[in-house]
Amino acid sequence: FMDLFSRNQVTFLWDGFDEITPTYGGFITNIFKILRTMTKNQQWVSSRPQHQSELEEILSETSYSYVVYSDNDRREFVDKYLKFNNFSEDKIEQIQDQVKTFVERITLKSEINRQNLNNPLLLQMIAEVSIESDLSSNLTNFYLIYEKFLAKKFKVLRSKGEVVLDDVDK
């Protein structure tokens, strides 16, 4: 680490700046400033928008913002994921239809649901669940998607002998 650090080849990834307790905010921002002034190592900081101007000032950098996925972006992401996993065009179209229907239904419930669909991992989970499950009315929220996704993954791991659930309650 020290060798890479001294050659300015380290990138610090600071995730969740907005989640730091105010008690430690000054301490953390001092670390940012020290690293910025004493090295040329990169710092990437994630935060919610309310800290944008503060972080730009501390880091002397312009920030970038996530762009909301359009319906087409979501479709393209799922399409690439399924093609990468060698699904037939017919199966891809079937899964895309299920995902589209689920997305339309879930986004009607709240703006937060719409924002959550900008998460590629969540889109991947929705696509994977739709491979073996019908995304019709019985899956009405993201928690049920997570539950189905995890059940599927545990089933695969158990079949490989990599997960034993005999003593779960102990």
Set of residues satisfying side-chain hydrogen bond (donor to acceptor under 3.5 Å, both in side chains) with respect to K40, sequence neighbours excluded: none
With sequence neighbours left out, write down each residue that passes salt bridge (Lys or Arg N to Asp or Glu O under 4.0 Å) with D73, or none if nothing qualifies. none
Does atom CD (E104) have a neighbourhood of more than 12 heavy atoms from anything else shown, all under 6.0 Å? yes
Test of understanding: with side-chain contact (heavy atoms from CB on, under 4.5 Å), list the residues that count as partners of T62, not counting sequence neighbours. E56
Side chains of Q50 and R48: donor-acceptor distance under 3.5 Å anywhere? no
Cationic N near anionic O, under 4.0 Å, D79 to K83: yes
Would you call K100 and D97 a salt bridge, taking side-chain N to carboxylate O under 4.0 Å as the test? no
Taking it one step at a time, do W44 and D15 satisfy side-chain contact (heavy atoms from CB on, under 4.5 Å)? CA-CA 8 Å; W44 290 49; D15 184 33; over 6 Å; no
Any chance you could measure [X], atom [atom1], to [Y], atom [atom2], to the nearest 0.5 Å?
X: T29; Y: I58; atom1: OG1; atom2: CD1; value: 4.5 Å
X: Q43; Y: L55; atom1: CD; atom2: CG; value: 10.0 Å
X: H51; Y: I20; atom1: NE2; atom2: CD1; value: 8.5 Å

Once you measure the plane-to-plane angle for F12 and F5, does it fall in the parallel (<30°), tilted (30-60°) or perpendicular (>60°) bin? perpendicular
Keeping S88 on the side-chain end and K91 on the backbone end, is there a donor-acceptor pair under 3.5 Å? yes
CA sep, side-chain torsions, deciding dist, call: Q98, T101, side-chain contact (heavy atoms from CB on, under 4.5 Å): CA-CA 5 Å; Q98 283 196 63; T101 302; 5.9 Å; no
